[in-house]
Amino acid sequence: MLNKKILLVASLSVIAGLMCSPAFTEGESDSMSRLEQGQAIAFNRVKGNCLACHYIEGGELTGNYGPPLIAMKIRFPDRDVLRAQIWDASINNPDTRMPPFGRNRILTEEEIDLVTDYIQSL
């Protein structure tokens, strides 16, 4: 029983550390465009993890629970509406299963801006 508790605490510590780690280092962000940075966060299985639920062209092992992220400029011509959806989708749909990336501080405000720029470019 004690071993299970230790394993659980250790696992949660690792997960918390990964959740708090940046998707890329400062040096990498200097050489990447905003869209590349947004894609890196969206495809990162620990940070954005958009691929768990959504099809995104170029992604591996994409999900099909959420809508495919295609033609986003047509679906969300107003960037602020898309950003609000990413920040907290439950505002428009209380029954959503999409995590509130901003409200729960899963992503920083800058990371949400980067992901929004990338997703709107699809």
Side-chain angles (χ1 to χ4, degrees):
M1 183 68 133
L2 181 60
N3 287 339
K4 286 184 179 181
K5 287 182 181 178
I6 292 171
L7 182 60
L8 177 63
V9 169
S11 298
L12 291 173
S13 298
V14 169
I15 291 170
L18 290 172
M19 295 286 293
C20 295
S21 66
F24 38 82
T25 64
E26 201 168 310
E28 288 176 323
S29 67
D30 292 341
S31 64
M32 298 171 70
S33 74
R34 287 187 63 80
L35 294 181
E36 290 170 328
Q37 291 176 49
Q39 181 186 37
I41 297 166
F43 283 21
N44 185 310
R45 296 292 180 172
V46 177
K47 292 296 275 183
N49 200 18
C50 301
L51 295 174
C53 298
H54 300 279
Y55 168 81
I56 301 175
E57 187 175 337
E60 295 180 15
L61 301 173
T62 63
N64 62 4
Y65 179 78
L69 301 182
I70 56 176
M72 296 305 291
K73 196 96 170 175
I74 294 169
R75 292 169 52 198
F76 287 91
D78 184 344
R79 181 189 179 282
D80 292 337
V81 173
L82 176 59
R83 188 185 191 287
Q85 179 74 8
I86 295 168
W87 201 87
D88 185 359
S90 69
I91 292 171
N92 291 324
N93 178 6
D95 296 326
T96 187
R97 291 190 181 168
M98 184 169 165
F101 289 99
R103 182 171 51 104
N104 285 358
R105 295 186 177 105
I106 298 168
L107 298 177
T108 67
E109 295 298 319
E110 176 64 17
E111 288 171 330
I112 291 172
D113 286 335
L114 292 167
V115 169
T116 301
D117 291 344
Y118 170 67
I119 298 298
Q120 194 175 38
S121 77
L122 299 175

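Reckoned from all heavy atoms, side chains included, excluding hydrogens, waters and symmetry mates.
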Exercise. Is W87 close to E109 at the side-chain level, that is, under 4.5 Å between some pair of heavy atoms?
Worked result: yes
Problem set entry | Interatomic spacing from CG in D113 to CZ in R83 - rounded to 0.5 Å | 4.5 Å
Exercise. When rounded to the nearest 0.5 angstrom, what is the spacing between CD in Q85 and CZ in R75?
Worked result: 9.5 Å
Exercise. What pair of heavy atoms forms the shortest contact from L114 to Q37, and how long is it?
Worked result: CD1-OE1, 3.5 Å
Exercise. Are I119 and Y55 connected in the hydrophobic side-chain network, where two residues link if heavy atoms are under 4.5 Å apart?
Worked result: no
For this session: Would you mind checking if R45 and E60 are paired as a salt bridge, meaning a charged N to carboxylate O distance below 4.0 Å?
Result: no
For this session: Give, for atom CZ of F101 and atom CG of N49, the distance between the pair rounded to the nearest 0.5 Å.
Result: 7.0 Å
For this session: Mark yes when over 12 heavy atoms from residues, nucleotides or ligands other than N64 sit less than 6.0 Å from its CG; otherwise mark no.
Result: no
Exercise. Taking Q120 for the side chain and L82 for the main chain, is one N or O donor matched with an acceptor at less than 3.5 Å?
Worked result: no
Exercise. With no hydrogens and no angle check, is any side-chain donor or acceptor of H54 less than 3.5 Å from a backbone partner on P67?
Worked result: yes
Seminar exercise, completed: Output for pair (L122 CG, C50 SG), nearest 0.5 Å, gives 9.5 Å
Problem set entry | Check: S121 side chain, Y118 main-chain N or O, donor-acceptor pair, under 3.5 Å | yes
Exercise. For I106, does its backbone N or O pair with a side-chain atom of N104 as donor and acceptor, under 3.5 Å?
Worked result: no
Problem set entry | Test item: I70 and E57 side chains (from C-beta on) under 4.5 Å apart, heavy atoms | no
Problem set entry | Pair R105 + E111: basic N to acidic O under 4.0 Å | no
Problem set entry | Spatial distance of atom CD1 (I56) from atom CZ (F43) [nearest 0.5 Å] | 5.0 Å
Exercise. Can you name the nearest heavy-atom pair linking I74 to P77, along with the distance?
Worked result: O-CD, 3.4 Å
For this session: State which residues pass side-chain hydrogen bond (donor to acceptor under 3.5 Å, both in side chains) with S90; sequence neighbours excluded, sorted by chain then number.
Result: D88
Problem set entry | Side chain proximity check, T116 to I112, heavy atoms < 4.5 angstrom | yes
Problem set entry | Flag side-chain contact, heavy atom, 4.5 Å: R97 against C53 | no
Exercise. Should R79 and D117 count as an ion pair when the cut-off is N to O under 4.0 Å?
Worked result: yes
Exercise. Is any side-chain heavy atom of V115 less than 4.5 Å from a side-chain heavy atom of L107?
Worked result: yes
Problem set entry | ILVMFWY network linking M98 to I91, side-chain heavy atoms under 4.5 angstrom | no
